[in-house]
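Structure record follows, encoded as structure tokens.
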Amino acid sequence: MKKSFGKLLLLSSLTTALVACGGGSGKITITTSSSTSSSVSSAISSSVAVSSEISSAAVSSITSSTATSSTSSTTNLSTPLKDLAEFPIGIAVELDGPHSLLSSAKQKEVVAHHFDQLTAGNHMKMSYLQSAQGNFHYTQADQMVAWGEENGLGVHGHALVWHSDYQVPNFMKNFSGTSQAFLDLVDNHARTVASHFAGKVASWDVVNEAFLDSGEYRNQGNEGSIFYQKAGGKDYIAKAFIAAREADSTADLYYNDYNTEQNGAKTDAVIAMAKELLDDGVPITGIGYQMHVMLDWPSIANIKGALKKAADLGLMVKITELDVPINHSWSGTYQNGTVYRTFTPALAQQQKKRYCEIVSAYMEVVPAAQRGGVTIWGVADHQSWLMGLMFSNEPNDIVWPLLFDKDYNEKPALLGVADALQGKSC
Ligand code: G3I
């Protein structure tokens, strides 16, 4: 199994927790402060009492204008998620700015308590590690790796190659030489970075998001990839995998993408590419499903179907960027035509059920030996990448996609993950 960090350390705390809660019920078992809020505990308890069979009609009538996320400033720590799983339980973190992990004691506390794998939300992307050609700098990523080592968390590296404008260094964007020379740049970046972190990362997203939703490679147009364009085709993908493997003989090497949970054309394109790479002897060892999903989309049946296709190839399968926003909008329409302005107990229960069903689907479909783990894309609701991205005409507090509220209190969603990990029904 991939649990290489912290298992022994955690055994004693798990035992304590199990004794304290009478058998790992997922209830609150450990408090770091005698002032752990009874209002938080009772809010969670009363939330749990709400039927998980809440009709969408009833929910869609909820549009109160008062935000109700917990106002407690204490953190309640239930049985560590990582102790409930035989695979890595990961979390994406920021390493600078207002949401920086290492400058927040509370964030460090909940991350170290519940998770055993870190992903840098940004700081291991190309523009951060090689801002100018040949100028590699690892300071913040190294700090994260070191903090992880000290606290029993491993690292999933993200990402060696990704076309997204923000994270591609200018020297690559402006490159005007031959395809071969560009492939050499890709090789050098993947090789140098993978070599630097060899032995310190469990796995890499080697190539991220090479396909359009249609299943075509990102070639031309607004959504085109400079990697495809400047390399003169898809060869940069194999190049990056080979370089990463030559630099790091043990890390799992993933292809990672979004909207592949839908089990549609893009899923099939990724699976076909993986088969082709395997046939060609290219060292891909896993497929990552980002899993930026919604409360009601895609269906669990589609998620299972998509995960199964990767599992059937015999590859590792990882949920790499899970989040479940309450409201969603990419084009000005809201869920069920309604925007929820209050994070009600009923919505919290819907979200709990959804997290539970997704993790359960993963465990049902992916054989134990092929589980690369489940990573949540961000710690607390107010830190999510979705904040500000959605609903620019609304107050930015209506997405609530993660496992912790803005005060780092555990949400019912966290208990949903815990339920799934323990094989409980959702
Ligand atoms: O750090 C700068 C700051 O100095 C500057 O003042 C500010 C003004 O724009 O920007 C800050 O950088 C932002 C950065 O996140 C750190 O917060 C960038 O603008 C912003 O574009 C960047 O967004 C990241 C995005 O990837 C693009 O790289 C998100 O945090 C990150 O969560 C998101 O993650 C991606 C995965 O890598 C791939 N899958 C999709 C996922 C969500 O988009």
Side-chain angles (χ1 to χ4, degrees), residues 90-104 107 111 117-131 137 139-141 143-144 155-170 172-173 189-190 193 201 203-213 218 222-223 225-227 237 240 254-262 266-267 270 286-294 306 318-325 328-330 372-392 396 399-404:
I91 188 86
V93 296
E94 290 303 321
L95 299 174
D96 64 11
H99 306 313
S100 174
L101 169 75
L102 299 179
S103 57
S104 163
Q107 201 181 157
V111 167
Q117 190 171 75
L118 296 164
T119 298
N122 284 294
H123 283 78
M124 288 168 81
K125 294 173 178 173
M126 294 180 114
S127 58
Y128 285 83
L129 297 185
Q130 190 186 187
S131 55
H137 29 82
T139 307
Q140 286 162 307
Q143 283 170 351
M144 182 192 79
V155 173
H156 173 72
H158 173 83
L160 292 175
V161 180
W162 184 28
H163 74 279
S164 179
D165 185 71
Y166 168 72
Q167 66 93 65
V168 181
N170 284 334
M172 285 197 180
K173 282 186 210 167
H189 182 85
V193 172
V201 300
S203 46
W204 274 105
D205 291 329
V206 177
V207 176
N208 193 40
E209 303 176 9
F211 289 95
L212 299 167
D213 285 352
R218 289 184 185 272
N222 287 343
E223 292 190 284
S225 160
I226 69 141
F227 292 96
I237 298 173
Y254 284 85
Y255 174 80
N256 191 49
D257 216 324
Y258 66 88
N259 283 353
T260 45
E261 311 78 29
Q262 293 178 41
K266 191 175 193 177
T267 315
V270 169
I287 295 182
Y289 291 80
Q290 292 187 9
M291 208 68 74
H292 294 294
V293 295
M294 300 169 185
K318 187 173 179 72
I319 294 178
T320 52
E321 305 182 16
L322 176 59
D323 50 24
V324 183
H328 61 75
S329 171
W330 300 105
V374 174
T375 290
I376 312 295
W377 201 248
V379 184
D381 280 344
H382 64 293
Q383 302 166 338
S384 168
W385 70 290
L386 295 166
M387 297 291 292
L389 183 65
M390 297 180 173
F391 308 108
S392 54
N396 283 337
V399 185
W400 305 294
L402 299 171
L403 303 187
F404 299 90

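Both counts, for ligands and for their atoms, begin at 1 and track the order of listing. Just so you know, these numbers use all the heavy atoms, side chains as well, and skip hydrogens, waters and symmetry mates. Fair warning: this is a prediction, and the values are worked out from it, not measured in the lab.
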Intermediate values then yes/no, side chain to side chain donor-acceptor pair (under 3.5 Å), Asn122 and Gln167: CA-CA 8 Å; Asn122 284 294; Gln167 66 93 65; over 6 Å; no
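Nearest-residue assignment for atom 29 (C) of ligand 1 (options Thr320, Asp96, Asn122; heavy-atom criterion): Asn122. One option in Trp162, Tyr128, Trp385 has a heavy atom closer to atom 35 (C) of ligand 1 than any other, and that option is Trp162. Summarising the contacts of atom 25 (C) of ligand 1 with Met387, Gln290, Glu321, Lys125, the nearest heavy atom is found in Lys125.
For His156 and Thr119, the side-chain atoms include no donor-acceptor pair closer than 3.5 Å. Inspection of the Gln262 and Asp213 side chains reveals no N or O donor paired with an N or O acceptor under 3.5 Å.
Here the protein heavy atom with the shortest distance to atom 22 (C) of ligand 1 is Tyr166 CE2, 3.6 Å.
At least one protein heavy atom sits closer than 4.0 Å to atom 15 (O) of ligand 1. The protein does not reach atom 4 (O) of ligand 1 closely, with no heavy atom under 4.0 angstrom from it. By the definition of a contact as any protein heavy atom under 4.0 Å away, atom 8 (C) of ligand 1 is not in contact.
Contact between His292 and ligand 1 is present, with at least one heavy atom of the residue lying under 4.0 Å from the ligand. Residue contacts with ligand 1 leave out Tyr258, since none of its heavy atoms falls under 4.0 Å from the ligand.
Close approach to Glu209 involves these atoms of ligand 1, each under 4.0 Å from a residue heavy atom: 38 (C), 39 (N), 40 (C). Every atom of ligand 1 is numbered from 1 in the order shown, and the set under 4.0 Å from a heavy atom of His158 is 36 (C), 37 (O), 38 (C).
Between the CG atom of Leu322 and the NE2 atom of His292 there is a distance of 9.0 Å, given to the nearest 0.5 Å. The distance from the CG atom of Asn208 to the NZ atom of Lys125 is 8.0 Å, given to the nearest 0.5 Å. Summarising the geometry, atom CE belonging to Met124 is positioned 10.0 Å from atom CG belonging to Asp205; distances are rounded to the nearest 0.5 Å.
Residues Tyr128 and His123 bring their aromatic ring centres within 6.0 Å.
The shortest N or O to N or O distance between Trp377 and ligand 1 is below 3.5 Å.
If you look at Asn208 next to ligand 1, the close heavy atoms, those under 4.0 Å, all belong to the side chain.
Considering every non-hydrogen atom in both Val379 and Leu402, the closest pair reads O-CB, 3.5 Å. Of all non-hydrogen atoms in Tyr258 and Lys266, the two that sit nearest each other are O-NZ, 3.0 Å.
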